[in-house]
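In what follows, a structure is listed as structure tokens, so that the remarks can point back to it.
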Amino acid sequence: MASVESNPKPFSLGPYQVSEDCGFLLKEPLQELPPHYQPWMDIARHIPELVQSHELRSEIYKMPMLSSEFLQNEKELRLAHLVLSMMTMGYVWQEGEKDTVETLPCNLAVPLWNVSQSLGLPPILTHADGVLANWMKKDPEGPFSMENLELLINLPGGDSVRGFFLVTLLVEVAAVPAIKNIPVVINGVRCGDTNAVVQALENISQSIQDMTDALKLMHVYVDPSVFYGIMRIFLSGWKDNPSMPKGLIYEGVQKEPMEYSGGSAAQSSLLHCFDELLGIKHEESSSSFLNRMRDYMPPAHKQLIQDISYQPSLKSFVQQQNCGHLKQTYHLCVSKLLALRNYHITVVSRFITVPAARTRQLRKQSQDLEDETVTRAPIALEERGTGGSGIMNFLKTVRDQTKDAFIPETS
């Protein structure tokens, strides 16, 4: 890796598959694969119904073995990965945690593996699939809004699935101005342009506030009992999951089982970028999980995070400049990121911690649980995120480490 000094070119987002108007989102995802892959699309379009009727596994067994060699570009590969990984989640979790599978059949496992290798993504549903590449605008010229957006592929959970993925997408959209301003900060620090850094940090602060505001829509569009009781298991992986302690055999790929984490907000590149820019350091226990989640991102996005970390330190620049306004805007950025992480803890509490407590209470009372949606949730996930982390302790630790970025007042 070349040093910063040997590369005088201005830092830009160009090499990292990040667009000026969509950020990390895949721009205008394809809605259909080439006709050769219609058998995949026919099943993927009906995952919720097939899971409900307990027919998804049998339909996948009947699916023809199709080679991925006719997928010709990034967008076709991304749609194929979305389709195949959504089918995989439905196949594995169709019967809940009590009747999991040990093997993914080769007619699904082999193409998923090959597409994953082409993209540099793991063979499981990721944030890059369910959020970044799983959307369309009803009116192509219209705004990014709940009213104008629709999912390409769904999981069980009805309107709450749509709400969960699309609200998360709107958080990504709200972050676009912040992502655009990261090169401005880096280049301003390189050449000592305090005014440019101040203006960019103000823009980033506002963008992070907008992310928090977008996240609040989760309470409007997602039912906590549906998220906890129905949806969550379909976002779960086969690493650090007691329901599948051995992992999953990808038939036709290798004979030994493999382990992959389920979906996690930590698979979004956004906060990783902000942490590296602002100089926020995480202790080993949380940083190891965060770093592992980078392997679930598109490689170009992972590279962007890495390359931001190689740049001259913004925090050191702020400390070295005798500029109260610069320090104030840096602290504003850290404050907005801290507030976002605090709000995320509130969301997780409402959608996971509270339903988990209610479920345990209902089980203790030995009530008739069939009518209670929350009690359909897997017991193995009660204290964990779908990515495999001990969720509340992890989030609070990361939040507390964000506070350490504040620069102490000097006498």
State, to 0.1 Å, how close [X] and [Y] come at their nearest heavy-atom pair, and which atoms those are.
X      : Y      : answer
His81  : Leu119 : CB-CD1, 3.8 Å
Asn134 : Leu82  : OD1-CD2, 3.4 Å
Leu56  : Gly90  : CD2-C, 3.3 Å
Val176 : Ser207 : N-OG, 4.3 Å
Val131 : Phe165 : CG2-CD2, 3.9 Å
Gly163 : Val222 : C-CG2, 3.6 Å

How long is the gap from [atom1] on [X] to [atom2] on [Y], to the nearest 0.5 Å?
X      : Y      : atom1 : atom2 : result
Gln303 : Ile305 : CD    : CD1   : 10.0 Å
Met63  : Leu108 : CE    : CG    : 5.0 Å
Leu201 : Ile182 : CG    : CD1   : 10.5 Å
Lys403 : Ser335 : NZ    : OG    : 11.5 Å
Leu155 : Met86  : CG    : CE    : 4.5 Å
Ser316 : Ile407 : OG    : CD1   : 8.5 Å

Can you list the steps and then say if Leu395 with Arg341 is a side-chain contact (heavy atoms from CB on, under 4.5 Å)? CA-CA 8 Å; Leu395 292 176; Arg341 284 187 157 132; over 6 Å; no
Do [X] and [Y] sit within salt-bridge range, that is, some charged N less than 4.0 Å from a carboxylate O?
X      : Y      : value
Lys27  : Asp21  : yes
Glu150 : Arg162 : yes
Lys302 : Asp295 : yes
Glu276 : Arg294 : yes

For Leu170 and Met211, what are the C-alpha separation, side-chain angles and deciding distance, and is it a side-chain contact (heavy atoms from CB on, under 4.5 Å)?
-> CA-CA 8 Å; Leu170 291 179; Met211 291 168 65; over 6 Å; no
Return yes if some donor-acceptor pair links the side-chain N/O of [X] with the main-chain N/O of [Y] below 3.5 Å, else return no.
X      : Y      : result
Lys75  : Glu28  : yes
Ser118 : Asn114 : yes
Gln94  : Arg57  : yes
Ser349 : Ile345 : no
Arg78  : Ala128 : yes
His331 : Phe406 : no
His127 : Leu132 : no
Asn181 : Ile204 : no
Ser160 : Asp223 : yes
Trp93  : Ile233 : yes

Could you tell me how the ring of [X] sits relative to the ring of [Y]: parallel (under 30°), tilted (30 to 60°) or perpendicular (over 60°)?
X      : Y      : value
Phe227 : Phe351 : perpendicular
Tyr16  : Phe11  : parallel
Trp238 : Tyr250 : tilted

Are the side chains of [Y] and [X] in contact, using a 4.5 Å heavy-atom criterion?
X      : Y      : answer
Pro298 : Leu121 : yes
Ile352 : Arg232 : yes
Phe24  : Glu172 : yes
Val92  : Met244 : yes
Leu66  : Pro39  : yes
Val347 : Leu215 : yes
Gln206 : Asp210 : yes
Thr194 : Phe317 : yes

In Val198, Leu314, Val185, Val197, the residue satisfying side-chain contact (heavy atoms from CB on, under 4.5 Å) with Tyr330 is Leu314
How about [X] and [Y]: does a side-chain donor come under 3.5 Å of a side-chain acceptor?
X      : Y      : result
Arg399 : Asn342 : yes
Asn148 : Ser145 : no
Asp307 : Gln311 : no
Glu202 : His325 : yes
Gln199 : Asn195 : no
Glu283 : Thr397 : no

*Starting from the C-alpha separation in whole Å, work towards a yes-or-no answer on side-chain contact (heavy atoms from CB on, under 4.5 Å) for Leu166 and Tyr221.*
CA-CA 9 Å; Leu166 291 182; Tyr221 290 99; over 6 Å; no
Counting only heavy atoms not in [X], do more than 12 sit closer than 6.0 Å to its [atom1] atom?
X      : atom1 : result
Asp159 : CG    : no
Gln52  : CD    : no
Glu49  : CD    : yes
Lys246 : NZ    : no

Please report the C-alpha distance between Thr329 and Ser205 in whole Å, then the side-chain angles of each, then the deciding distance to 0.1 Å, and finally whether the side-chain contact (heavy atoms from CB on, under 4.5 Å) criterion is met.
CA-CA 8 Å; Thr329 53; Ser205 296; 5.9 Å; no
Check: Phe144 ring centroid to Trp135 ring centroid under 6.0 Å:
yes
- [ ] Might you work through the salt bridge (Lys or Arg N to Asp or Glu O under 4.0 Å) test for Glu147 and Lys137, ending with a clear yes or no?
- [x] CA-CA 9 Å; Glu147 296 74 25; Lys137 286 184 174 181; over 6 Å; no
Given the rule in the side-chain hydrogen bond (donor to acceptor under 3.5 Å, both in side chains) test, do Ser288 and Asn291 qualify, once you have shown the distances and angles that lead to the verdict? CA-CA 5 Å; Ser288 62; Asn291 287 335; over 6 Å; no
